[in-house]
Structures are given as C-alpha cells and as structure tokens.
2 protein chains.
Amino acid sequence: MTRDDLHRSAEARLADHEQRYTPNRRAIVETLAARANPVTLPELLRLRPDLTQSSTYRNLTALQDAEVVRRIVGGGEHAHFELDEHLTAHHHHLVCVQCGSILDVTLDPRLERRLDRTFDDVAVQHGFDLDGHSIELFGRCATCRG
Amino acid sequence: MTRDDLHRSAEARLADHEQRYTPNRRAIVETLAARANPVTLPELLRLRPDLTQSSTYRNLTALQDAEVVRRIVGGGEHAHFELDEHLTAHHHHLVCVQCGSILDVTLDPRLERRLDRTFDDVAVQHGFDLDGHSIELFGRCATCRG
DNA sequence: TTGCTTGCAAATGATTTGCACTGCT
DNA sequence: AGCAGTGCAAATCATTTGCAAGCAA
C-alpha cells in the first residue's frame, strides 16, 4: 500500500466514524508509517514536536476507534502505538523485558492459518465472539543483552 | 500439585530471593489458587478484606520477582494477577474487550511445541534472548454478547 | 537489634478532561 | 452559525513510596 493509499484509507475509516482527517491526525499516521516499530507517546512527540500531548492522546483515541491505530500495552511504562493491521500486515511482537522496546515479527502464513483455526475453536468452546489475537514473545533484545 | 505443595514452592521461591512467606503473601497465593482466572487488585481486596491495598501491591511485586505470581496487563483498567506458570500449567488468555474479564485457555501440546520451535527461531533471527511467550485472544465474552 | 513487613497517608506519573478558542463546512 | 478539533492547565486514578510501628530471626 502506497503512502497515498494509506492516507486515503485512514481518511475513509475516520469518515465512517464521522471524524475528520486533520493535519495533526495525518501527522500521527505519517509518523507511525515511517517507523518500523510501535512507538510511545513521548517518542511520537519527540519525532513531531509540533504535536501537543493531550491532543495527541485524543487523536490516538479517535484513530483507534476508527481502527487506523492500535494501542499495545505491556511494553514498559507507556503504551505503544502502531498502525492497525487493516493498514499493514498481520504481525506479532518481540518485547524486550528490560528496555520495553518492541519489534514487529511475522510468522509463516501456514502456521498463522492453523492458529486461526485453533483459536476459532477455542473461542467457540468458551462462547466468545472472537475479534483477533496477539502473540508476544518476551526476552532481552540484542542491545540489552550487551 | 496439592495446595501444600503450592505453598511450599511459593515459600522456596521467595526464599531464593531472600523474602519471607508471610501470612499476607500466603493469603494472596491462596486466593489466586482458589480462583480459576486472573484477578485484579480490587477483586483480590474484595475477596480478602483483611488485606491492605499498598501492602498487597508490594507483596504482588515481591511475588512477581520470585516468579510465584504473574502480572497481566491489557485486560481493562487494572492489571490482572495469576499464579506463575512455574506453579500451574502453561496456558493463554481469552480477553473480553468489553468487560475486561480474562479466561484461561490451553492449546494442544503439539501445537505448543511447534510454536516453541518457531518462536525460538524468530528470537534468534532478531538477536533476542527469549524468556517466554503469551497469546491473547480478543473478543466478547458470552455474558457481554448478551 | 537488625532488617523485612505492614498500614496509613501522601506522592507519582501516564492518561483524561474542562474550557475557551480556532477553524472547517 | 454550528460544531469538530486544539492547546493549556487542572483533574483522575492505578500504582508507588515515605515513614513510623510491628514482628521474626
């Protein structure tokens, strides 16, 4: 998906939720797309000093509701944010338990398909209406291992 | 593992970290063992009104450090706590995106073995020293589906 | 008596919100 | 005009911490 497609998709998703694709929101999407990995709010503000903290939190919430952005908790103090899988590819996370950084990883598509089938079965057994799944691998990153 | 074994293991793990197995800590372990699913701190305090908030947070931290308890983030406002897999069986979580409740689930051991191998490979490729993994399935629970 | 634990109250810090203002539409 | 979006400052709330007292080795 090109950068233009990305913005068009983001705009369309926001429109579905009666939200505008403002310059600030575009800046957030642009920045998340430029980074390979999930970023925290402080990182986002450092990359885009023109953005404000409270409005960025608000915009991230709007973008989440529109399924443009996904919030990831568990990697350190701050939540991490990344583009939703609607706009990128399905992937999982390698989380450093020491520094909290998060790396994207993908699995073999055949394995993913098998997992999907298994997870569907599990959900049905428990009466759940399944939305999706996430896999996190925990460890120490190359940098923290020293 | 019997309830006595559980407490002995907990005590041994705490001892390895030069920590005592106090009545409060025993109460926490006892309560987590009695519940099938991960609980939040408010739930824990409701189940055991004799426990204090701050000390319980401190004790949960000590129990975490000793790998007796595991903290799970992402299921609603509060963190959830459960006995560490050292004391129970390897399992994953079915998280209700609406009410935040968490259910334990297990996967077929063959699938788990395949996942372990795959995850090891992925970690090596990224220079990570792998500790473990977690899988969360997101959806709406039977109750919230109405 | 030395030091881990505890309970209370106060602090911390990420995230949220109130409010007035700006700028689309 | 009407209302979504913004920025600032203040509030919220789960979690953490300071401190004085309790208790075990």
Side-chain angles (χ1 to χ4, degrees), chain A residues 7 10-31 38-46 48-66 68-82 99-102, chain B residues 7 10-31 38-46 48-66 68-82 99-102:
Chain A
H7 288 301
E11 179 164 25
R13 284 184 176 276
L14 281 168
D16 284 347
H17 290 251
E18 279 140 2
Q19 298 275 321
R20 301 178 191 155
Y21 197 40
T22 65
N24 280 349
R25 291 175 182 175
R26 172 178 276 264
I28 292 171
V29 169
E30 189 70 31
T31 307
V39 297
T40 63
L41 188 106
E43 286 165 356
L44 200 48
L45 297 183
R46 192 153 34 68
R48 292 298 306 247
D50 55 315
L51 297 180
T52 290
Q53 188 190 55
S54 67
S55 294
T56 303
Y57 270 120
R58 261 192 284 237
N59 282 328
L60 284 168
T61 302
L63 290 165
Q64 264 185 101
D65 291 345
V68 171
V69 161
R70 175 158 166 228
R71 162 180 269 154
I72 308 160
V73 293
E77 318 273 86
H78 291 80
H80 285 68
F81 299 91
E82 66 179 3
C99 70
S101 66
I102 301 182
Chain B
H7 287 302
E11 180 164 24
R13 285 184 177 275
L14 282 167
D16 284 347
H17 290 251
E18 280 140 2
Q19 297 274 319
R20 301 177 192 155
Y21 197 41
T22 65
N24 280 349
R25 291 173 183 176
R26 173 179 275 264
I28 292 171
V29 169
E30 190 70 31
T31 307
V39 297
T40 62
L41 188 106
E43 285 165 356
L44 201 48
L45 297 182
R46 194 154 31 70
R48 292 298 305 245
D50 54 315
L51 297 179
T52 289
Q53 188 191 55
S54 67
S55 294
T56 303
Y57 270 120
R58 261 193 285 237
N59 283 328
L60 284 168
T61 302
L63 290 165
Q64 265 185 103
D65 292 344
V68 172
V69 161
R70 175 158 167 229
R71 161 179 272 157
I72 308 160
V73 293
E77 317 274 86
H78 291 82
H80 284 69
F81 299 92
E82 66 178 4
C99 70
S101 66
I102 301 183

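Atoms considered below: every heavy atom in the structure, side chains included; atoms not considered: hydrogens, waters and symmetry mates. Residue numbering restarts at 1 for every chain, and letters A, B, ... go by the order of the sequence lines.
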I want to check something: taking the side chain as every heavy atom from C-beta on, are Thr31(B) and Val39(B) in contact at a cut-off of under 4.5 Å? no

What's the CD-P distance between Glu43(A) and dA14(C), to the nearest Å? 13 Å

Rounded to whole Å, the CG-C1' distance (Leu45(B) to dA14(D)) equals 12 Å

What's the separation between atom OH in Tyr57(B) and atom OG1 in Thr52(B), rounded to the nearest 0.5 Å? 13.0 Å

How close or far is atom C1' of dT6(D) from atom CZ of Arg26(A), stated in whole angstroms? 18 Å

What's touching nucleotides 1-5 of chain C from the protein side, N or O pairs under 3.5 Å?
residue	atom	partner	partner atom	Å
dC4(C)	O4'	Arg20(B)	NH2	3.4
dT5(C)	OP1	Gln19(B)	OE1	3.3
dT5(C)	OP1	Arg20(B)	N	2.7
dT5(C)	OP1	Arg25(B)	NH1	2.6
dT5(C)	OP2	Gln19(B)	OE1	3.1
dT5(C)	OP2	Arg25(B)	NH2	3.3
dT5(C)	O5'	Arg25(B)	NH2	3.4

Given atom CD1 of Ile72(A) and atom P of dT15(C), what is their separation to the nearest angstrom? 13 Å

What's the spacing between Ile72(A) CD1 and Ile102(A) CD1 if we round to 0.5 Å? 5.0 Å

Which distance, rounded to the nearest 0.5 Å, do you find between the CG of Asn59(A) and the CG of Leu51(A)? 8.5 Å

Separation between CZ of Arg13(B) and OH of Tyr21(B), rounded to the nearest 0.5 Å: 12.5 Å

Quick one: His78(A) NE2 to dG13(C) P, roughly how many Å, whole number? 10 Å

Rounded to whole Å, how long is the line connecting atom CG of Asp65(A) with atom P of dT16(C)? 11 Å

Please list, in numerical order, the residues of residues 48-58 of chain B that have a heavy atom closer than 4.0 Å to any atom of DNA chain C. Thr52(B), Ser54(B), Ser55(B), Arg58(B)

Calculate, to the nearest 0.5 Å, the distance between atoms CZ and CG belonging to Arg58(A) and Leu63(A) respectively. 13.5 Å

Using 0.5 Å steps for rounding, measure from the CZ atom of Arg48(A) to the CG atom of Leu44(A). 9.0 Å

Report the distance from atom CG of Leu41(B) to atom P of dC13(D), rounded to the nearest whole Å. 16 Å

Ignoring hydrogens and angles, tell me if any N or O in the side chain of Arg25(B) forms a donor-acceptor pair with the backbone of Arg20(B) under 3.5 Å. yes

